[in-house]
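Below you'll find the structure, written out as structure tokens, and then a few comments.
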Amino acid sequence: MKTIIGKRSHKAGLPPGSLVPVGPARDAKINLTVIDYDAGGFNQMEVERVEDCLPYRDTATVTWVNVDGVHDPELIRVLGEGFGLHPLTLEDIFNVDHRPKMEDFGDYLFVTLKMLYPGADGEEIVSEQISLAAGRNFVISFQEAPGDVFQPVRERLKKASGRIRSRGPDYLAYALIDAVVDQYFLILENLGETIESTEDDLIKGTEEGVLDSIYLLRREMVLLRRAIWPLREVIGGLEKSESELIDHSTRVYLRDLFDHYLTIIDAVEIFREMLSAMLDSYRSIISEKMNSVMKVLTIIATIFIPLTFIAGVYGMNFEHMPELKQPWGYPLVWLVMLALAGVMAVYFKRKKWM
Amino acid sequence: MKTIIGKRSHKAGLPPGSLVPVGPARDAKINLTVIDYDAGGFNQMEVERVEDCLPYRDTATVTWVNVDGVHDPELIRVLGEGFGLHPLTLEDIFNVDHRPKMEDFGDYLFVTLKMLYPGADGEEIVSEQISLAAGRNFVISFQEAPGDVFQPVRERLKKASGRIRSRGPDYLAYALIDAVVDQYFLILENLGETIESTEDDLIKGTEEGVLDSIYLLRREMVLLRRAIWPLREVIGGLEKSESELIDHSTRVYLRDLFDHYLTIIDAVEIFREMLSAMLDSYRSIISEKMNSVMKVLTIIATIFIPLTFIAGVYGMNFEHMPELKQPWGYPLVWLVMLALAGVMAVYFKRKKWM
Amino acid sequence: MKTIIGKRSHKAGLPPGSLVPVGPARDAKINLTVIDYDAGGFNQMEVERVEDCLPYRDTATVTWVNVDGVHDPELIRVLGEGFGLHPLTLEDIFNVDHRPKMEDFGDYLFVTLKMLYPGADGEEIVSEQISLAAGRNFVISFQEAPGDVFQPVRERLKKASGRIRSRGPDYLAYALIDAVVDQYFLILENLGETIESTEDDLIKGTEEGVLDSIYLLRREMVLLRRAIWPLREVIGGLEKSESELIDHSTRVYLRDLFDHYLTIIDAVEIFREMLSAMLDSYRSIISEKMNSVMKVLTIIATIFIPLTFIAGVYGMNFEHMPELKQPWGYPLVWLVMLALAGVMAVYFKRKKWM
Amino acid sequence: MKTIIGKRSHKAGLPPGSLVPVGPARDAKINLTVIDYDAGGFNQMEVERVEDCLPYRDTATVTWVNVDGVHDPELIRVLGEGFGLHPLTLEDIFNVDHRPKMEDFGDYLFVTLKMLYPGADGEEIVSEQISLAAGRNFVISFQEAPGDVFQPVRERLKKASGRIRSRGPDYLAYALIDAVVDQYFLILENLGETIESTEDDLIKGTEEGVLDSIYLLRREMVLLRRAIWPLREVIGGLEKSESELIDHSTRVYLRDLFDHYLTIIDAVEIFREMLSAMLDSYRSIISEKMNSVMKVLTIIATIFIPLTFIAGVYGMNFEHMPELKQPWGYPLVWLVMLALAGVMAVYFKRKKWM
Amino acid sequence: MKTIIGKRSHKAGLPPGSLVPVGPARDAKINLTVIDYDAGGFNQMEVERVEDCLPYRDTATVTWVNVDGVHDPELIRVLGEGFGLHPLTLEDIFNVDHRPKMEDFGDYLFVTLKMLYPGADGEEIVSEQISLAAGRNFVISFQEAPGDVFQPVRERLKKASGRIRSRGPDYLAYALIDAVVDQYFLILENLGETIESTEDDLIKGTEEGVLDSIYLLRREMVLLRRAIWPLREVIGGLEKSESELIDHSTRVYLRDLFDHYLTIIDAVEIFREMLSAMLDSYRSIISEKMNSVMKVLTIIATIFIPLTFIAGVYGMNFEHMPELKQPWGYPLVWLVMLALAGVMAVYFKRKKWM
């Protein structure tokens, strides 16, 4: 729940651009990886100090700095100032509760995304913020924690033959965003399977726990939508941006990415409809059960209450009850009672209660 | 369910434009049909090798290449490169889970659609992806499996007199899309009939299975909407496109096609409203039944419980119960009980429970 | 139901502009009426052959051709070609399941509308398609069957003093559309009265048949909305059209017509809200009744079940039941039972169940 | 209800601009008040004949003609023609069922509004149509019946010091609209109070009549929205109008008026949400009551039915029932029954039913 | 509730710009604080008379006048006229029920906001109106009551090093709005916690009071949305304003503020969805409970009613009941009854009612 609205209140009153941690504190060491490449060469290195990244900034080659952790304000500040990032950008990177967005600062484009991956227990979705700043010849990417989502991009960069090596930082940024969006498909597949199996449970009639599953799924959908929905503005904004930082040949890939976004949103909407249909279905099943319970009660009660009344009548101790004296009294009462039960049964059959 | 969000996760990390199969694998042989025509001549042939299509590309006549199967990445790649298609186009053709869309690549227009036809068992709707690339003097169409949806277009091309022969590839592409859209009317008619008969069942009171039917229909509507809804952008995009590939005289046909689209969407929306009204109706019927069940129970119980109590009283074994000794005791009790039942009945009549 | 999505499937594959009947077949003779007028003169005649209309086309006077029936493709084709109508226009005229629309073909404006009138039994709404083509000096109107909706326009044309005589075909087309829209008010009044009387039934508590009425009304609203909603584009399109066929002075009348449209749509929306409020109300009444039924059952059962138990206890046949021997036993049991019933009654009074 | 869709059907077929009464007939005398003013002077008079107004039209001073009644077509026609109003404007003035709208006729601006005031019995809202035509140096206002809503404007005009005297007819028209809109706040306050007191009733549990109140309020909201909603186009249209009849300095007041409109719409929306929340709340309360009724029934029945059964067993008349002979039989049965009741009670406590 | 639509009716008829109190009367003394600063100097003083503020207006330094109270029309009028504010602005400042808005008066920008803070009892949200007028070299801020929300801004102004000192009044206005918006996060956190704890209560099954909490929360959401929603136009309007009063460098901060707004609106929407899901959940839990209550009732009644009937039969006093004489009669009846109960139990097990 804490992800819905972070603890930002203690920031109230501070000047904008202040770097105060918003997410949970982390002590992990921050890894800085610098990849420097062009069509001709590729060079990957781990650097210890932020200052070691800066020389690559001014080379003609494309420089990709990846930062595995955003819990050190000083590091972000130094790196940001080195690459000419605006204080508000630094605040956005630092504040891991941010809404996905794209912003054009003239010298660089800034993109914030949510990376989603299944949690350790395989059930809950974990959300992590990814920030990208793409300038004229550099891309800086920030992850909340070390992860391997960008590994395939690195692999493609290593191979001299790939298209990616001959393109600029705009294409690299596109590739990184694409890697994040590809993860969403994985999440959606998992969700789809959970929804399917819950639906099967519902149909099979094992409705215990189904309600909880549906509510859990609905809640995950809310979180999912929150991460995915604003991508429309991010990807659409990049595609339609008039920034000269985005090459014309990259736009067709961004358009493709936007199609992926639309496919994801379609799936999310369909899941929502399915969940709401399942809830409807669940309620109908419950009310139908209730109905059949009521019918059984009514049939039993309606048949036996009058019979019990008759038995009660002849259990009365009046001295003058002539029927009691007759030898045919007892069999006749049985006959009457059976006839009554039969009439009731026919009535219920006609009413389709039985 | 697999059609909602395909297994794309194993593509995560691959460069865009990679041709990795998304749909189920198929081993069927792929048929390539080439039709070459202009106002003066018509020539149809089956070709064995992809390379045999390419010579027709450069002729002044209109060339239509139809490919019956998209499970062979190599074939698609060779054909695509031969006709100058962008790698992302090839990926879209190959990936049969794509959302319908229209894209203008300058040299050609690319359109992806869903073809819908009733399944073998006559119940479920089967969806198949149709892709079209329309260039200056060629149209390439891709189907997932051999089918006869384009047969009428072929017939019209054969006839020397038809309007279609004297038009360019834009009109051919329009005719192919029109053939696909015409199929939707068939699907909608079937759906309409199923909805009608379900409604009749509901009115006749045979409500068993009605709920399942409604949920099945709702689900088909979701899939249908997913296939049809994006057509707005596809057809509207073609109509409003500024591409010089679309002749002015074709636009009036595209506008007509857009009207068909609107008619279909209207029908889909009306079906949705009818389904939701049927669900409402179903629930009201169920709750009304419940109500009448409850009333019967209440009437029976309310009449007999007090009577049984009276009988119980005179079944007590106290030694000093003067009533028991009186000869009029028994008849009087009967009178009291009948009077009580009568009062109750009048009460229920007034309350309109009986 | 057949009006929701007509049988169009047998048209699949035919070239656009094919004139295949969509509506039910009709054998009635088709009447052609030609009215030729200008400020100075008025001339009305019935013509036998289509060809007889054509000479009027080229006169300077305004020519109005009214066709009472669209089931003869040949007639429509000859007339259409005589007046220079596009094949798609002819198809739209012929296909009486069309969605209302306005289209500008340069030489003429084409409008399709639904005429609504109460059915023979006074309950169901019947829908008929009206098509209009308005050119530089002619208007052609098509009705599905002979009707008198245009009679008042004819009367106004006859009178030499009317404004309509000195205006062009655009004003005539406006007058014809206005005549159709005026009919909608009649339909809405009828609907409004039915809704009111249903509401009265609901309030008076005679809720039998109310549910059916509401569902019938809802269904009529769906059909109504389908006919009326697209008028926004039709009338708005005419008003904002840049076609030189529409004189500036006519636009103010179109604006007025658009106001009528807004009034109608307002009424439709209010009816929808009223119907949904009535459904809500119906459900609340039903559940309140259920509630009161349950209360009666509970009161009766809760009071008498314990009393019956007490009576049952003293109906047991144990030899050693000292109470049974006491002369005050029987009266005391009565006292206890009355006290118990009294306590229960007070409890129910407090709970407001009685 | 008659206000939802007026009896317009008998107008069907008449030429537009025909002055046929739509509202109820009225015989009251129509008062014409002429106020002629500029910064220097103020002159108010009652005139007998319409023709007496016309001389003021051509003076340089601002002329305000107020007409208290629109049931005399002849009067409206003469006045309208005298001031150069379009026949459609006259029809709109005459037809008191019109949707609020603003229209620019070049020489004058025409505005139709609904004036709302609480009915005589203080419950129902009464709606009356106000029409305004504002030209270069005149304003004509039409009310359905004499009323004092414009009295404060008259007072301000009388005072030489007011801003209004030095402004043109556009400001006067604004002031009149403002006076009407100010009335809406009064209506909303009353509604707000009724909603509040209904809510209090609901919370206090006196839910009798609450349902009726809610439905009545919902219905008033529908009528209210119908009157208020179109004001967006009226006031927004005036503010954004490019007509030279509206002075730049007046626009800031129109913007302010638009803010009032937004505040009113906000309140209406909040009322709607509150009403729907109250309905929800009502239903929850009802179903909770039902629940508690059911619980009481279940507790009583579940405890006593088994006990009654035991009593019944020992009321059987078998000759060989050894328990009946034992002196401890009766006390033991009591013990068993008490123990059973105790177990049940504990079970219900645990289930939180008691 | 009074905050939904204030008592404005007694203003009806007054000229616009009239300063009539709308909120509750207050007698508190109004504090005027003037802060005069530029990059070089900072000067804060409390002034007694309004006239003492005016000299600062014409200095080149930025002047911030803060007014702690708006219940003195005379003070507002003098101050407003001194700084050249429009009468409508003064009315808006004075009327504390205003909808948040931004207005460009050319010489100054006017902004009205709602400040929200938790009430004294920590439960209810209190809303207070903040108005800002930002001119070429001054900002005037109005609060309804003294408060410390602007204190941090004052602190930052005091520090010579801050960015804020070297910026103009536009940045100061931004900083003040930012301070107000930061408060919203605090409110949202509190709300989030209340929602969480209510949800926990719901899950734990202590559903007493949960319904009330949900309705209270829903109501607070309505008020919250009313305060926050119009901010889109306020902040977006400032960001996109073409006023020269807003420096280009300030726009990036306004964009950042707009992001905060979006985050807040996201949270509000998620809260709404959570509340509605909780209501759904609550209803499902209630109906499930009802269901289980009904099942227990049915099981008990259905098992014992037939048994009681059997016992009743053998409690009848017929003279000729052969079974009663048999020594095996009593044990056999017991056997039959146990068998019947067993069959019932198996039936219920199968139906999953037990």
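All heavy atoms count here, side chains included; hydrogens, waters and symmetry mates do not. Lettering of chains follows the sequences in order, A, B, ..., and the numbering in each one begins at 1.
If you measure heavy-atom distances from B/Val149 to chain C, you find no contacts under 4.5 Å at all. B/Tyr347 touches chain C through its side chain: at least one heavy atom from C-beta onward sits under 4.5 Å away, while N, CA, C and O do not. In this structure, the portion of C/Met337 lying under 4.5 Å from any heavy atom of chain B is its side chain and not its backbone. The contact between C/Lys325 and chain B is made by backbone and side chain atoms together, counting heavy-atom distances below 4.5 Å. Only the side chain of C/Trp334 comes within contact range of chain B, with heavy atoms under 4.5 Å apart. When heavy atoms are compared at a cutoff of 4.5 Å, B/Tyr174 approaches chain C solely by way of its side chain, counted from C-beta outward.
Of the listed residues (C/Val296, C/Thr298, C/Ile305), the greatest number of heavy-atom pairs within a distance under 4.5 Å of chain B belongs to C/Val296. Counting heavy-atom pairs closer than 4.5 Å to chain B, the top-ranked of the candidates C/Ile214, C/Val313, C/Leu307 is C/Leu307. Note on B/Val252, B/Leu191, B/Thr308: by heavy-atom pairs under 4.5 Å with chain C, the leading option is B/Val252. Ranked by heavy-atom pairs under 4.5 Å with chain C, the first of B/Ala311, B/Gly312, B/Pro306 is B/Pro306. Residue with the most contacts toward chain B among C/Phe304, C/Trp328, C/Trp229: C/Phe304 (heavy-atom pairs, distance under 4.5 Å).
From B/Met316, atom CE reaches atom CG of C/Leu324 across 9.0 Å, with rounding to the nearest 0.5 Å. To the nearest 0.5 angstrom, C/Arg283 atom CZ is 4.5 Å from B/Asp280 atom CG. Between the CZ atom in B/Phe309 and the CD1 atom in C/Ile303 there is a gap of 10.5 Å [rounded to 0.5 Å]. If you take CZ on C/Arg99 and CG on B/Leu262, they are separated by 4.5 Å, rounding to the nearest 0.5 Å. Here B/Ser281 contributes atom OG and C/Arg218 contributes atom CZ; the two are 9.0 Å apart, rounded to the nearest 0.5 Å. Expressed to the nearest 0.5 Å, how far CG of B/Asp259 lies from NE2 of C/His98 amounts to 5.0 Å.
In terms of heavy atoms, C/Glu91 sits closest to B/Asp256 at OE1-OD2, 4.4 Å.
Taking the side chain as every heavy atom from C-beta outward, B/Tyr253 and C/Leu88 approach each other to under 4.5 Å.
Salt bridge absent: C/Arg226 and B/Glu273 never bring a charged side-chain N and a carboxylate O closer than 4.0 Å. Ionic pairing of C/Arg225 and B/Asp266 is not present here: no N-O contact between side-chain nitrogen and carboxylate oxygen is shorter than 4.0 angstrom.
With sequence neighbours excluded, no residue satisfies side chain to side chain contact (heavy atoms under 4.5 Å, CB included) with C/Asp212. Looking at residues two or more places apart in sequence or on another chain, you find no side-chain hydrogen bond (donor to acceptor under 3.5 Å, both in side chains) involving C/Tyr215.
Judged by the 6.0 Å distance and 45° axis criteria, B/Arg255 is positioned over the aromatic ring of C/Phe105.
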Test side chain to side chain contact (heavy atoms under 4.5 Å, CB included) on B/Met321 and C/Tyr330 and set out the steps.
-> CA-CA 6 Å; B/Met321 289 173 73; C/Tyr330 181 55; 3.2 Å; yes
